Amino acid sequence: MLEKYIFSEREECWRKYWEENKIYEFNPDSDKPFYSVDTPPPYVSADHLHFGHIMSYSQAEFIVRYKRMAGFEVFYPMGFDDNGLPTERFVEKKYNINKKQITRPEFINKCLEETKIGAETYRKLWSLIGISVDWSKTYSTINKHCQKISQWSFLDLYKKGKIIQREEPGAWCTTCQTAIAQADLEDEENESQMNYINFKDEEGNDLLIATTRPELIPACVALFVNPNDSRYSSLVGKKAIVPISKHEVPIMTDESVDLEFGSGLMMVCTWGDNEDAKKYRIHNLETRAILEADGKLNELAGEFVGMTLKDARKAILEKLQNNGELIRQENISHVLNVHERCGTPVELIKTKQFFINILDIKDELLALGEKMNWYPAHMKQRYIDWVKALQWDWCISRQRYYGVPFPVWYCEKCGELILPEEKDLPVDPMNESPKISQCPKCGGENFLPENDVMDTWMTSSLSPLIVSKLFENENVQNKLYPSSLRPQAFEIIRTWLFYTTVKSFYHFGDVPFKDIMISGHGHDEKGQKISKRLGNYVPPEQVIERYGADAMRYWSTGANLGENLRYSENEIKNGSRLVNKLFNASKFCLSFLSYENKELSEDLEEEDKWIINSLNKTVSLATKYMESYQYSRARNEIDDFFWSKFCDNYLEFIKSRLYGDVPDVKVKSVLYQVLLIIMKLYAPFLPFITEEVYQDFYQKDIGEKSIHLSSWPKNIEIEINEEDIASFEKAIEAVAEIRGHKSDNKLSLGKELDEYQLKIEVDEKHFDFIKRAIKVKNLIPRK
RNA sequence: GGGCACAUAGCUCAGCUGGUUAGAGCACUUCGUUUACACCGAAGGGGUCCAGGGUUCGAAUCCUUGUGUGCCCACCA
């Protein structure tokens, strides 16, 4: 064995070894039960991975490695999420462009280039950290394979009547210039003013209304009061005059108006918010849509035409002020919905979009949520809350460039929607024509492509299907779907997890995966969320260079599932200390071991039985914890066994037997077995150092090409008498007592005592053990 | 306004279904070159287990109320 473990050299060596020998390759012909992982495809646009990513991927990987050793044929693919708005936003920012300044093909090319760079960066980091992914099985959400499945999904749902195209007011981002979905909204605390503004009634009397959106005054279509509000009952049914634009609007009643709010008079505009949109349906209001897709006002806004909402607000308030119609302003702080990708406040605009019906299947989705196993269990509640709170159907079309195109054309003459055959997928309607030459409805011969692309979640919501379809064989596909495990972070429960469940329900009527493990976030040393903006993290590559991948992984074991984990250089150092300790303990053991002395003797010493008994308990607990995704607890048990039971006690106890004139064969057999099991227990967490020890000694004897393909340990079967163990533990206490005595008297532990009188009671049959374990010539029992 | 989680040593956290003196790692103090390891070993100091109330022979653990922290959702004229 090596004299010293230089992790940088050795880790690189094992990375190569695993790759060259295809250690983690999935074998679809295997007889073993399959365990498939629906790996989260990171957004390549995330640009740089930080240790939060390392944490969550490592945590999933601990389980994957355990399952592989526990006898499953593990399918662990990797995907890259590189289509859609996140990538577009990334490219726009990086090159300081927007979709209007560049042609569609140019823009798509830039996105594809960045996608390639991103994927390569990620792959390097994942290999660096030792992620046991089968790199021959990857996908990227923009590739043909994914486009085909996404378009198939569209066709299937369209034919089932679950996708509907309709024109209605919906969430719109004026920066990204596209429709967005409810899940794309984020709350943001905002400082603003409540403006009290005078309208006029028919007789010219003042009508005070309160609004946070004065810029929408030209879009006002009605005033509302509560039907029980006696102050205004005489006005109901009459008209009001809107300031500035001077158009007339009806005064109506609606139960939802709060008597206490402002003056009790409410202005409804096209479209102020979701509530307004509802009133349009109920009261059949006319519309005055002043906002265009680019966020600027149109002719209906009169003199404010061409202004952005922000500028219009300023100008309108100024004018109201000059006219004496702005009575007063109050500073308020309120929460408004912004687009999560760019932070722009979300507006409502009436557009034609494709929607997937989700509001009608809430019960079914809740039932599927119950059917899946959530780790930790309380994360299920977030899913339930989200499903129950859904207000809109899922808008799946985006007025963007870089995404999967809809497989849709329209007949130029009659507008009929034309779909391709399933076998012709994927199609790009903007570059190819439909296979049919005539519209089946009107016989028209010209077709127009659908220019929109799909929401990025339309593709990622199919990830379990995408990975199963990486295989031709249908039998294999069916064994891989639903996935065994979906590991992911909590903030995308309402998107990735939710949408995947929707798709799985509509396509197959069942869950997309069986178990879900939800990880927390990585935080900086102070407990703040890591973000690129704050720059509060060290690039993981640097940490790995300094302390090694095993040490970095060790830090990841520090948080239970669902919990956030602070970055701590100290914990990483602890990891490298452990690696060092494992190496040294192994070096020591291996210097005495040989393949001949591995069968356990019938007649073991008490300390041998004790260590085997402790090990068995550790194996049982670690197995139990790994089975329930509690890798953190498993690691605690293993650490405690290795560090304090095995190193601090057992190895010290047996030194006299190993260094004796007559070699003790019994103790060698124990070491052979125990050390191997220690390595196996640590293998999921510390794949490099454990491989080092395995390859150095055990591999030739056992035969498996890698410790990571060897079997998860079982208990060593020996006869254990619990009373004997308890009695022996008294002897260990006695050793501790004598250590204390030596420490109190400032003596070296190696110094032999002539005589010692015990303070605790110990069976005299253990005296010989105590004498040689702690070096005492004469031991006197307790009086 | 609703939901979820958390609150234990200076710090980061274990303590799961209630049971003898509440644990670990780091930090701190003292000691030890012992032929695997000083990236080590031994010993030690340090805690009204957030607060009040309740259940119980017995509560850090269960119930309840409150306080504080974090996250999510809703409202958002």
Side-chain angles (χ1 to χ4, degrees), chain A residues 1 3-5 185-187 190 192 194-195 209-213 216 220 223-224 254 256-258 261-269 272-276 279 332-337 376 378-386 388-391 490-491 493-494 520-521 523 525 527 529 547 551 558-560 562-566 568 570-571 573-592 624-625 628 630 632-633 636-637 639-640 643-644 647-648 651-652 655 658-659 736-752 774-775:
Chain A
M1 190 149 185
E3 189 43 43
K4 209 165 161 47
Y5 181 70
L185 307 182
E186 212 172 55
D187 286 355
N190 195 275
S192 177
M194 183 64 74
N195 304 281
I209 65 110
T211 180
T212 52
R213 311 255 353 230
L216 290 180
C220 179
L223 295 186
F224 276 89
D254 191 285
S256 72
V257 178
D258 184 353
F261 192 97
S263 58
L265 262 171
M266 175 186 183
M267 156 178 107
V268 170
C269 305
D273 59 36
N274 211 20
E275 254 329 285
D276 283 5
K279 290 195 179 62
I332 57 158
S333 154
H334 67 159
V335 176
L336 48 89
N337 277 327
H378 67 81
M379 286 294 176
K380 182 166 72 181
Q381 195 58 40
R382 300 198 182 207
Y383 171 85
I384 293 172
D385 289 348
W386 178 253
K388 285 186 174 166
L390 284 169
Q391 297 190 48
F490 60 79
E491 77 273 15
I493 289 175
R494 69 181 199 178
H521 275 147
H523 282 183
E525 277 124 320
K529 196 174 160 177
Y547 298 104
N560 285 311
E563 286 174 359
N564 298 328
L565 180 61
R566 286 188 187 197
S568 155
N570 229 339
E571 268 306 294
K573 281 183 186 164
N574 279 342
S576 78
R577 281 175 58 225
L578 174 62
V579 169
N580 186 260
K581 188 88 173 169
L582 280 165
F583 176 81
N584 281 307
S586 301
K587 188 174 75 178
F588 173 70
C589 295
L590 295 187
S591 68
F592 298 99
K624 184 183 117 188
Y625 289 144
S628 55
Q630 294 174 289
S632 186
R633 284 187 176 172
N636 276 339
E637 291 299 327
D639 272 357
D640 179 61
W643 210 290
S644 66
C647 291
D648 294 346
L651 289 186
E652 296 304 321
K655 275 181 184 167
L658 288 169
Y659 288 129
E737 181 190 313
I738 299 169
R739 281 174 180 165
H741 172 79
K742 288 188 178 180
S743 183
D744 289 347
N745 291 286
K746 308 196 172 177
L747 295 170
S748 148
L749 286 179
K751 167 94 180 153
E752 190 165 52
I774 189 67
K775 295 189 178 167

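Just so it is clear, the model here is predicted, and its values are computed rather than measured. A, B, ... follow the sequence lines: proteins, then strands. Residue 1 opens every chain.
With distances taken from any side-chain atom of Arg577(A) to the nucleotides C40(B), U34(B), C71(B), the minimum falls on C40(B). Taking only side-chain atoms of Asp385(A), from C-beta outward, the nucleotide of G3(B), U12(B), U34(B) with the closest atom is G3(B). You'll find that the side chain of His378(A) is closest to A5(B), out of A5(B), U34(B), A43(B). Among the nucleotides U34(B), C39(B), A77(B), the one closest to any side-chain atom of Ser576(A) is C39(B). Candidate nucleotides C37(B), A74(B), A42(B) were compared by shortest atom distance to the side chain of Trp386(A), and A74(B) ranks first. The nucleotide whose nearest atom lies closest to any side-chain atom of Met194(A) is, among A77(B), A74(B), C31(B), A77(B). Nearest to the side chain of Glu563(A), among G41(B), A14(B), C71(B), sits A14(B). Relative to the side chain of Asn580(A), the nucleotides C39(B), C72(B), A74(B) differ in distance, and C39(B) lies closest. Side chain of Arg382(A), nearest nucleotide from C71(B), A77(B), C37(B): C71(B). Each of A74(B), A77(B), A14(B) was ranked by its minimum atom distance to the side chain of Gln391(A); first place goes to A74(B).
A distance of about 12 Å separates the C1' atoms of C63(B) and U56(B), rounded to the whole Å. When the C1' atom is used for both C62(B) and G41(B), the distance is 42 Å, rounded to whole Å. Taking atom P in both C75(B) and G2(B), one finds a spacing of 15 Å when rounded to whole Å. To the nearest whole angstrom, the two P atoms, one in C16(B) and one in U8(B), are 16 Å apart. Going from the C1' atom of G53(B) to that of C11(B) covers 32 Å, rounded to whole Å. Annotation: G47(B) and A5(B) have their P atoms spaced 32 Å apart (nearest Å). C6(B) sits 34 Å from G44(B) when the P atoms are compared, rounded to a whole Å.
Summarising the geometry, the separation between CD on Glu571(A) and C1' on A14(B) is reported as 13 Å, rounded to the nearest angstrom. Glu752(A) places its CD atom 20 Å from the P atom of G32(B), with the value rounded to the nearest Å. Atom CG of Asn574(A) is separated from atom P of C39(B) by 14 Å (rounded to the nearest Å). For Asp744(A) and A43(B), the CG to P distance is 10 Å, given to the nearest whole Å. For the pair Lys746(A) NZ and U33(B) P, the computed distance is 13 Å after rounding to whole Å. Spacing between atom NZ of Lys4(A) and atom P of C39(B) amounts to 8 Å, rounded to whole angstrom units. The nearest whole Å value for the distance from the NZ atom in Lys573(A) to the P atom in C26(B) is 12 Å.
The base of C16(B) lies close enough to the side chain of Arg633(A) for a donor and an acceptor atom to sit less than 3.5 Å apart. Not a single donor-acceptor pair, N or O on each side, falls under 3.5 Å between the base of C39(B) and the side chain of Lys581(A).
For the pair Asn570(A) and Leu565(A), nearest-nucleotide mapping onto RNA chain B gives the more 5' position to Leu565(A). Nearer the 5' end of RNA chain B, as judged by each residue's closest nucleotide, is the contact made by Ser586(A), out of Ser586(A) and Gly740(A).
Contact annotation for Lys655(A): base contact, defined as any heavy-atom pair under 4.0 Å involving a base atom. Asp258(A) comes within contact range of at least one nucleobase, with a heavy-atom separation under 4.0 Å. Within 4.0 Å of Asp640(A), counting heavy atoms only, lies no atom of the nucleic acid at all. Asp254(A) comes within 4.0 angstrom of nothing in the nucleic acid, heavy atoms only. Among the atoms of the strands shown, base atoms are found under 4.0 Å from some heavy atom of Val257(A). The residue Ser591(A) sits apart from the nucleic acid: no heavy atom pair falls under 4.0 Å. No engagement by Cys269(A) is indicated, since no non-hydrogen atom pair under 4.0 Å with the nucleic acid exists. Thr211(A) comes within contact range of the sugar-phosphate backbone alone, with a heavy-atom separation under 4.0 Å but no base atom that close. Contacts of Ala210(A) with the nucleic acid, taken as non-hydrogen atoms under 4.0 Å apart, involve only primed sugar atoms and P, OP1 or OP2.
Looking at Asp640(A) and Ser644(A), their side chains do bring a donor and an acceptor atom within 3.5 Å of each other. In the model, Arg577(A) has no side-chain atom that pairs as donor or acceptor with a side-chain atom of Asn580(A) under 3.5 Å. Between the side chains of Asn190(A) and Ser192(A), no donor-acceptor pair of N or O atoms lies under 3.5 Å.
No donor-acceptor pair closer than 3.5 Å links the side chain of Ser743(A) to the backbone N or O of Arg739(A).
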- [ ] I would like to know whether Ser568(A) and Asn570(A) meet side chain to side chain donor-acceptor pair (under 3.5 Å); could you show each step before the answer?
- [x] CA-CA 5 Å; Ser568(A) 155; Asn570(A) 229 339; 5.5 Å; no

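Rounded to the nearest 0.5 Å, atoms OH (Tyr625(A)) and CG (Asn636(A)) are 9.0 Å apart. Atom CD of Glu652(A) is separated from atom CD1 of Ile774(A) by 9.0 Å, given to the nearest 0.5 angstrom.
Pair assignment for A74(B): none, as no Watson-Crick or G-U wobble contacts are both less than 3.5 Å. In a base pair of the Watson-Crick type (N1 to N3 plus N6-O4 or O6-N4) or a G-U wobble (N1-O2 and O6-N3), with each distance short of 3.5 Å, U69(B) is matched with A5(B). The pairing partner recorded for C11(B) is G25(B), the criterion being a Watson-Crick or G-U wobble arrangement whose two distances lie under 3.5 angstrom. Pair check for U33(B) finds none; no Watson-Crick or G-U wobble contact set falls under 3.5 Å. Using Watson-Crick or G-U wobble geometry with both donor-acceptor distances under 3.5 Å, U48(B) finds no partner in any strand shown.
Here Glu3(A) pairs with Lys587(A) under the side-chain contact (heavy atoms from CB on, under 4.5 Å) rule; sequence neighbours left out. With sequence neighbours excluded, no residue forms a salt bridge (Lys or Arg N to Asp or Glu O under 4.0 Å) with Lys775(A).
In terms of phosphate contacts, Arg739(A) brings no side-chain nitrogen or oxygen within less than 4.0 Å of OP1 or OP2 of A43(B).
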